[in-house]
Number of protein chains: 2
Amino acid sequence: MRVSQLLNPTLREVPAEAEIISHQLMLRAGLIRKSAAGIYTYLPLGLRVLKKIETIVREEMDIKGGQEVLMPIVQPAELWQESGRWDVYGEEMFRLKDRHQREFCLGPTHEEIITDLVRGEVRSYKQLPLLLYQIQNKYRDERRPRFGLMRGREFIMKDLYSFDRDEAGLDISYKKMYDAYCRIFSRCGLAYRPVEADAGAIGGTGGTHEFMVLADSGENSVVYCPSCHYAANVEKAECQPQVIESADAEVPRQLVHTPGVKTIEEAAAFLKVPKTQLVKSLLYQGDDKVFLVLVRGDRELNEIKLNNALGGFVSLQLASPEVVQQLLSCGPGSVGPVEAPETLMVVADQEVALMENAVCGANKENYHLVGIMPKKEFRIDHVYDLRTIIPGEACSNCGTPLKEARGIEVGQVFKLGTKYSKALGATFLDENGIEKPCVMGCYGVGVSRTMAAAIEQNYDDLGITWPIPIAPYHCILVPISTKDAQVVETAERLYQELQNLGVEVILDDRDERAGVKFKDADLVGYPLRITIGSKTLANGQVELKERKGGETKLVPVEEAAARVKEIIKKALSF
Amino acid sequence: MRVSQLLNPTLREVPAEAEIISHQLMLRAGLIRKSAAGIYTYLPLGLRVLKKIETIVREEMDIKGGQEVLMPIVQPAELWQESGRWDVYGEEMFRLKDRHQREFCLGPTHEEIITDLVRGEVRSYKQLPLLLYQIQNKYRDERRPRFGLMRGREFIMKDLYSFDRDEAGLDISYKKMYDAYCRIFSRCGLAYRPVEADAGAIGGTGGTHEFMVLADSGENSVVYCPSCHYAANVEKAECQPQVIESADAEVPRQLVHTPGVKTIEEAAAFLKVPKTQLVKSLLYQGDDKVFLVLVRGDRELNEIKLNNALGGFVSLQLASPEVVQQLLSCGPGSVGPVEAPETLMVVADQEVALMENAVCGANKENYHLVGIMPKKEFRIDHVYDLRTIIPGEACSNCGTPLKEARGIEVGQVFKLGTKYSKALGATFLDENGIEKPCVMGCYGVGVSRTMAAAIEQNYDDLGITWPIPIAPYHCILVPISTKDAQVVETAERLYQELQNLGVEVILDDRDERAGVKFKDADLVGYPLRITIGSKTLANGQVELKERKGGETKLVPVEEAAARVKEIIKKALSF
């Protein structure tokens with residue numbers, strides 16, 4: 001390709017509309033243009049990057065036995081009503097009607113469509129396992145679309161759905177996809193981590209991992225173990241209970257007047273005890289059920305863990321002061337577990353059960369109880385891991401202190417179980433002729449998001465520093481002058497040589513100053529640049545520069561193409 | 001690929017929902033499944049065919065300097081309002097609103113989006129010509145979607161848009177695309193014809209050609225010249241005027257009483273003259289303008305030609321009897337050109353001007369005029385080619401009698417001119433710094449439609465007979481038995497050999513009767529089949545069968561792979 005013939009409108013200024021670096025650089029490097037809020041056109045270089053990611057994803061899906069299909073974007077409401085998600089999905093779903101007033105949506109995901117397909121075609125256990133995938137547009141009507149391709153309204157995903165006979169089969173399919181995803185992001189040249197994650201609203205029975213591209217700008221916080229392979233979303237990471245030996249001998253139970261004391265901080269200060277000695281007591285309402293939740297005074301309750309532990313409420317929130325008053329005859333700041341009503345379920349973090357001489361609210365305004373022994377002096381119905389981990393805590397696997405990183409979620413593997421196959425009737429007959437629902441998994445890669453995440457991880461002051469496997473072209477040739485015959489001729493010869501070697505090469509044949517060409521090359525982020533100038537040519541040399549790291553070498557003209565080929569080959573071998 | 005692992009649900013029965021052969025066979029061969037009316041899922045083999053067509057299209061676009069982009073499906077209403085098409089498009093356009101009640105459509109085409117992009121990025125004549133294309137879903141809310149992929153509501157198109165400095169540039173871009181389209185359909189292995197076509201509602205200034213895949217089931221009628229290259233849509237084909245020498249000497253003008261005679265047939269019978277001697281006089285209303293249209297009595301008026309000749313009305317139809325009565329004081333069956341009101345424009349087909357001793361209505365109930373000399377005895381304001389050609393008439397290019405064929409439109413190349421660039425302000429500065437609108441062309445290939453058309457042209461009683469370049473796989477291996485070790489081993493060895501030669505091979509490793517395997521292979525339509533059975537193996541042979549034509553040969557096992565490779569190679573060379 002010749003730059004003179006390429007639609008690659010680069011911008012010197014940072015566009016005001018772009019808040020994050022990947023959005024800024026994609027606009028500046030001429031990779032995308034906005035067509036509407038959260039809706040983009042991919043320009044030629046942007047599309048090349050996208051296609052490279054797609055190709056890697058496709059190859060890895062095929063290796064694992066995935067069969068590519070293509071499902072519709074416009075999906076009939078009936079299927080979503082069958083699964084029960086039509087009314088649940090809310091405003092994020094784009095909905096429309098056809099000329100006959102039938103309702104459709106623009107697919108935010110394809111569980112319904114694929115399950116409908118499979119229920120029509122699969123009859124026997126012999127047809128399973130089945131791994132079907134597509135690379136297709138997805139739609140999500142974000143309230144405030146922004147961040148470019150990181151959070152668009154029209155975006156591209158690979159989604160694979162696995163259908164197995166049983167949980168054991170699902171485990172195998174899940175492992176295949178987990179491994180495939182590791183290969184995908186490695187092949188893209190990205191630093192990433194698979195982390196244990198929360199199952200969330202998609203509603204599955206089993207495990208799930210998110211694949212995070214590590215970047216300081218990432219919106220997700222993850223913890224990982226530097227010793228073993230453990231890593232998890234910070235909301236999901238398992239906590240080891242910390243035991244704090246009580247300094248004092250057993251303190252007698254006592255009701256203490258604590259006028260005006262409402263918060264943990266106030267209580268600790270007033271009673272002169274560390275926060276670790278206090279029990280934080282919170283009255284929660286899950287749908288129409290109320291229960292008391294306890295964590296140690298210095299800890300944060302993790303509502304996601306709480307909701308998972310209790311089986312998943314649609315709505316989970318702190319009970320209102322009115323409800324607290326009605327049930328415990330005090331305000332939220334005075335709640336405590338001692339002598340809580342028999343009908344009130346008490347759920348405690350595992351650390352609470354290990355406390356001694358604890359301090360807690362007395363269910364009486366302006367009073368606290370001290371010298372409380374959990375389990376002895378108050379009831380705990382269930383003990384769970386209910387708090388959010390703090391980096392530096394021990395790895396639940398090997399005990400090493402965990403480190404923290406920030407990541408961008410680019411993929412997720414998910415055990416769905418039988419939720420959709422039961423709802424839509426995707427069943428098969430097993431070896432004994434018994435009808436059973438398929439056991440499903442779903443596995444997504446945000447293809448356009450991966451492109452954005454790659455930039456968030458790979459850029460500098462001058463522009464993008466693409467990993468070679470997903471760069472729009474591998475190498476750019478920059479002749480310093482278009483007037484010097486020897487320079488032009490050498491550039492053209494190298495252009496041919498590199499093409500013959502299968503290197504993706506682009507020639508900046510524009511009649512522009514060298515500075516302009518360098519700036520554009522750095523901005524777009526071609527991994528290798530060969531500069532052809534008359535000075536070095538006098539010694540039979542050209543300059544070979546690596547975009548990342550900026551290493552620059554003079555190499556003999558006749559070796560230049562082979563050197564480039566070698567670097568590319570090494571980067572693409574996996 | 002092994003058939004045992006492939007999702008390829010074949011059907012023995014013809015599905016009731018499918019009216020046309022391509023739809024029937026795509027369902028029966030397990031290529032597609034319906035997700036909603038006019039909306040389909042492509043199963044693995046169907047998607048393979050689609051991708052092959054896409055690849056051919058992409059390669060030919062790239063050769064001509066096309067740059068691939070990817071534009072959005074969801075398009076903002078504002079752009080369509082700017083071009084004036086939001087209100088014109090009607091019910092065929094899927095429309096929707098986002099959560100903020102902003103209006104969008106699902107793109108039926110992308111002139112607005114691409115013109116918006118180009119107006120933002122193109123400033124100078126140096127950036128032109130620009131050929132931008134995409135392969136993308138398109139949407140059309142058909143009143144009654146049917147015929148499978150032939151007329152879907154969600155379908156796949158390649159659309160390229162050219163931007164040039166002037167009409168001369170457009171001519172070059174148009175020629176490039178015309179040539180590329182010829183190569184595309186040739187490479188797909190299809191019999192096709194480019195035909196001159198009508199510009200229709202898309203509204204351009206220049207020429208247009210449709211590319212027709214020839215098939216008896218085609219909904220379009222085309223005429224073509226067996227001697228030269230002329231071919232045209234029957235509605236568009238140029239007519240040569242036929243001169244009919246009047247047998248009689250000049251007949252004096254005479255008003256003849258013709259009681260109850262209304263039609264051409266009645267007049268010819270009553271007056272005992274051939275229909276060729278009559279003038280058919282029709283009062284037409286184009287928007288709010290009325291005019292008189294004349295064609296020879298034996299000819300059909302072609303309304304498309306009429307509307308094009310007169311500059312394009314939004315609505316064009318026969319004037320109502322009330323309007324006829326008011327203007328000419330007679331019914332529609334008595335209309336004639338003689339002494340027509342001065343204010344009434346008279347438009348005639350070229351043959352009318354050549355008539356002698358003609359008979360026409362007298363603008364008086366129950367009377368005709370005979371012995372009328374056109375132009376002498378009545379005024380003709382404009383002479384055009386206004387009739388529809390009849391196969392067998394002379395080619396307008398070389399005079400050879402034209403033949404007729406039926407075709408399926410799979411592509412169209414179109415000179416748009418400056419309609420969209422003016423409406424949206426996509427301008428550039430020329431060499432002299434003068435601002436000018438880009439001169440545009442648009443060029444579409446119905447990718448999914450081509451797949452359907454290919455089947456309409458290539459099938460027999462047993463199933464599809466794919467052309468090799470777009471077949472889902474080139475060759476299927478059918479071991480007659482899965483119990484015979486030698487048979488299985490030979491099949492596996494050939495499977496490896498063929499893969500090593502780069503042949504797309506599929507192995508029917510199912511434990512099914514040979515008859516079932518043959519039926520499926522014929523139905524899906526793999527171009528080559530190798531049957532491995534113990535009888536022929538005893539002589540060291542396997543059976544090689546060509547699906548199309550059904551030629552069957554016994555070939556030595558060790559030569560089989562090479563023979564297949566040779567046939568494939570020949571079919572793919574272009």
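Residue numbers begin at 1 in each chain, while the letters A, B, ... track the order of the sequences.
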Can you pull out the donor-acceptor contacts between chain B and chain A, under 3.5 Å, including backbone atoms?
from, atom 1, to, atom 2, distance (Å)
B/Q5, O, A/Q67, NE2, 2.6
B/L7, N, A/Q67, OE1, 2.8
B/R33, NE, A/E121, OE2, 2.5
B/Y42, N, A/L70, O, 2.8
B/Y42, O, A/L70, N, 3.0
B/Q67, OE1, A/L7, N, 2.8
B/Q67, NE2, A/Q5, O, 2.6
B/L70, N, A/Y42, O, 3.0
B/L70, O, A/Y42, N, 2.8
B/I73, N, A/E154, OE1, 3.3
B/I73, N, A/E154, OE2, 3.0
B/V74, N, A/E154, OE2, 3.1
B/E91, OE1, A/R99, NH2, 3.0
B/D98, OD2, A/R153, NH1, 2.9
B/R99, N, A/D141, OD2, 2.7
B/R99, NH1, A/D141, O, 2.7
B/R99, NH2, A/E91, OE1, 3.0
B/H100, NE2, A/R143, O, 2.9
B/E121, OE2, A/R33, NE, 2.5
B/D141, O, A/R99, NH1, 2.7
B/D141, OD2, A/R99, N, 2.7
B/R143, O, A/H100, NE2, 2.9
B/R153, NH1, A/D98, OD2, 2.9
B/E154, OE1, A/I73, N, 3.3
B/E154, OE2, A/I73, N, 3.0
B/E154, OE2, A/V74, N, 3.1

Rounded to the nearest 0.5 Å, what separates atom CG in B/L106 from atom CG in A/L106? 5.5 Å

Side chain, backbone, both or neither: which part of B/L47 has an atom under 4.5 Å from a heavy atom of chain A? side chain

Can you measure from CG (B/L96) to CZ (A/F104) and round to the nearest 0.5 angstrom? 13.0 Å

Pairing residues for A/I63 by the side chain to side chain contact (heavy atoms under 4.5 Å, CB included) criterion, not counting sequence neighbours: A/E60, A/R183

Heaviest contributor of heavy-atom pairs below 4.5 Å to chain B, chosen from A/L117, A/V74, A/I39, is A/V74

Heavy atoms, side chains only, cut-off 4.5 Å: are A/V118 and B/L7 in contact? no

Please look at A/L131 and chain B and tell me whether the side chain, the backbone, both or neither of the residue comes under 4.5 angstrom of a heavy atom of that chain. neither

Side chain / backbone / both / neither for B/L11 at chain A, heavy atoms under 4.5 Å: neither

Note: vs chain B, highest number of non-hydrogen pairs under 4.5 angstrom among A/L130, A/L132, A/I113, A/L6 is A/L6

Sort out for me which of B/I73, B/L50, B/L43 touches chain A most, counting heavy-atom pairs under 4.5 Å. B/I73

Per-residue tally against chain B (heavy atom, under 4.5 Å) across A/L45, A/L70, A/V69 peaks at A/L70

Under a 4.5 Å cutoff for heavy-atom pairs, which residue among B/P44, B/A36, B/G120 has the most contacts with chain A? B/P44

